[in-house]
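Predicted model only: the values in this text are computed from it and were never measured. In what follows, every heavy atom counts, from backbone to side chain, and hydrogens, waters and symmetry copies are set aside.
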Amino acid sequence: MDTIYALATARGKSGVAVVRVSGPGAFGAGRALAGSLPLPRRSAVRVLRGRNGALDEALVLAFEAGHSFTGEDVVEFHLHGSTAVVQAVLSELDQLPDLRIAEAGEFTRRALENECLDLTQVEGLADLIDSETEAQRRQALRVLSGALGTKAEAWRSDLIRAAALLEATIDFADEEIPEDVSPEVLSLIEMTEQTLFEESRGAAISERIRDGFEVAIVGAPNAGKSTLLNALAGRDAAITSDIAGTTRDVIEVRMDLGGLPVTMLDTAGLRTSDDAVERLGIERALERAKQADLRVFLMSDEPLELDPRSDDIVVQGKGDLTGTGVSGKTGFGLDDLVRQVTSILGQRAAGSGTGIRERHRIAMDRALACLENARIEVRGNTHRTELAAEELWSAIRALDSLVGRVDVEMILDEIFSSFCLGK
């Protein structure tokens, strides 16, 4: 196993820069620069020295294998955040034997390979680094803490138990085993199905929190859509004019509403037009509006080609002229609109699960399909136990794609511990 090193903090000037070394040669590399290392999981100030003298006065930490982020011996140098200091330390490490610069994500990959993190935690870490809003931070931190892995482990444990019961009736029919294990097997399957379904349903909301909700502003030409978007964004994101059809393409503005990531969409005015370019813009507007998580309809005297859904927001546009609704020009009703959008999306976000990616939802849905087949086999025909057991293993393999693999010996362990076979 190679010993790797890299700058663990962002490049450029900073108060502190951290250089991390991980692998079997980490402690040797640390001593080569610092002279001596502090006790494991302790910190100490050391003067780092290279071929041409002192490099920096740094805080040095050492972590022994099994007690570090990667699971390997790790040394960290907390340097003054000068570009020159960082480069000098990296150059010295490059001259040491058996050390190489780390590849992108290699520290985290080693943490996964050494079972310090499961795959979902790795994804949670990536999302935590990329988080921009409070909701994204909380969600990513929950996944990084192992919440989904813990649930997946519970599902796997129950399904292994169910598979063990079925395998026992197949392979050990002459032993002292209860003749009918189907009630317990069905109970385990149905309990897992219920919690899996809830998580799968919540995964779609979690994806929206991760990627951002889309809110489309919809209305007829000159209803005040672009002016409203600019008011919400606090800048001139869209061109406004009194000429109908000014907005030809969908304009997007990313913002934080109540801790939720939201992309506001300004769409072309919906009307019948002879202009080919405007018609294309209207088609795009309709498509994006249909796909949006929420639509804000700015009503005017002109009819629209799109009907509001029951949970959409319908409000009178140009409220500065009518005295009702909302006006982006003067800010009239703007706070109420923002509170309404935030409340609706906040209620939806409350139903989020611990699965945060499409991959998670697909794996859970595959497992659910297999469990349904297993339940049908167990209920329908006791002579098709082998098919039910295979469906359970297919469900387990689907869940394996979330966090890891189940050892086939685990089912034997369950059988022997439960039924004392081989006595």
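For R46 and S36, the side-chain atoms include at least one donor-acceptor pair closer than 3.5 Å. Side chains of H360 and E358: a donor-acceptor N/O pair is absent below 3.5 angstrom, by distance only. Side chains of S22 and E72: a donor-acceptor N/O pair is present below 3.5 angstrom, by distance only. Side chain to side chain, S226 and D266 meet the donor-acceptor criterion of an N or O pair below 3.5 Å.
Side-chain contact between F77 and L61: absent, with no pair of heavy atoms (C-beta onward) separated by less than 4.5 Å. Side chains of L112 and T108 form no contact here, defined as non-hydrogen atoms less than 4.5 Å apart. At least one side-chain heavy atom of S327 sits under 4.5 Å from a side-chain heavy atom of T330. Between F213 and T263 the shortest side-chain heavy-atom distance does not fall below 4.5 Å. Side-chain contact between D158 and I189 is absent, with no heavy-atom pair separated by less than 4.5 Å. The closest side-chain heavy-atom distance from S68 to E76 is not below 4.5 Å. For the pair L265 and E214, the minimum side-chain heavy-atom distance is below 4.5 Å. Using a 4.5 Å heavy-atom threshold, the side chains of L159 and R156 count as separate.
At least one donor-acceptor pair under 3.5 Å links the side chain of S206 to the backbone N or O of G202. Side-chain atoms of N114 come within 3.5 Å of backbone N or O of T70 as a donor-acceptor pair. The main-chain N or O of E153 is never found under 3.5 Å from a side-chain atom of S157 such that the two would form a donor-acceptor pair. The main-chain N or O of T354 is found under 3.5 Å from a side-chain atom of E199 such that the two form a donor-acceptor pair.
When the shell of 6.0 Å around CD of Q291 is examined, it contains more than 12 heavy atoms from other residues, nucleotides or ligands. Around the CZ atom of R11, the shell of radius 6.0 Å holds no more than 12 heavy atoms that belong to other residues, nucleotides or ligands.
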Item to complete: Report the C-alpha separation of E132 and R210 in whole Å, then their side-chain angles, then the decisive distance to 0.1 Å, and conclude whether the salt bridge (charged side-chain N to carboxylate O under 4.0 Å, His left out) test is met.
Response: CA-CA 9 Å; E132 298 176 345; R210 177 175 174 267; over 6 Å; no

Item to complete: Step by step, work out the side chain to side chain contact (heavy atoms under 4.5 Å, CB included) result for T3 and D98.
Response: CA-CA 7 Å; T3 300; D98 302 323; 5.7 Å; no

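With respect to the salt-bridge test (charged N to carboxylate O, under 4.0 angstrom), the residues D127 and R357 qualify. Between E123 and R359 there is a salt bridge, since a side-chain N of the basic residue sits under 4.0 Å from a carboxylate O of the acidic one. Taking a cutoff of 4.0 Å between a charged side-chain nitrogen and a carboxylate oxygen, R397 and E390 qualify as a salt bridge.
Under the rule for a salt bridge (charged side-chain N to carboxylate O under 4.0 Å, His left out), E391 has no partner lying at least two apart in sequence or in another chain. Applying the salt bridge (charged side-chain N to carboxylate O under 4.0 Å, His left out) rule to E106 yields the partners R100, R110; only residues at least two apart in sequence or on another chain are considered. For R201, there are no salt bridge (charged side-chain N to carboxylate O under 4.0 Å, His left out) partners, not counting sequence neighbours.
Figure legend: cation-pi geometry between R20 and F107, with NZ or CZ positioned under 6.0 Å from the six-membered ring centre and within 45° of its axis.
Applying the salt bridge (charged side-chain N to carboxylate O under 4.0 Å, His left out) test to pairs two or more places apart or on separate chains, those with a residue in residues 328-353 are D311-R348, D336-R339. Residues in residues 55-64 take part in these salt bridge (charged side-chain N to carboxylate O under 4.0 Å, His left out) pairs, two or more places apart or across chains: R41-E64.
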Distance-only donor-acceptor pairs under 3.5 Å for side chains of residues 364-372, two or more places apart:
unit_1, atom_1, unit_2, atom_2, d
D365, OD1, S200, OG, 2.5
D365, OD2, R361, NH1, 2.8

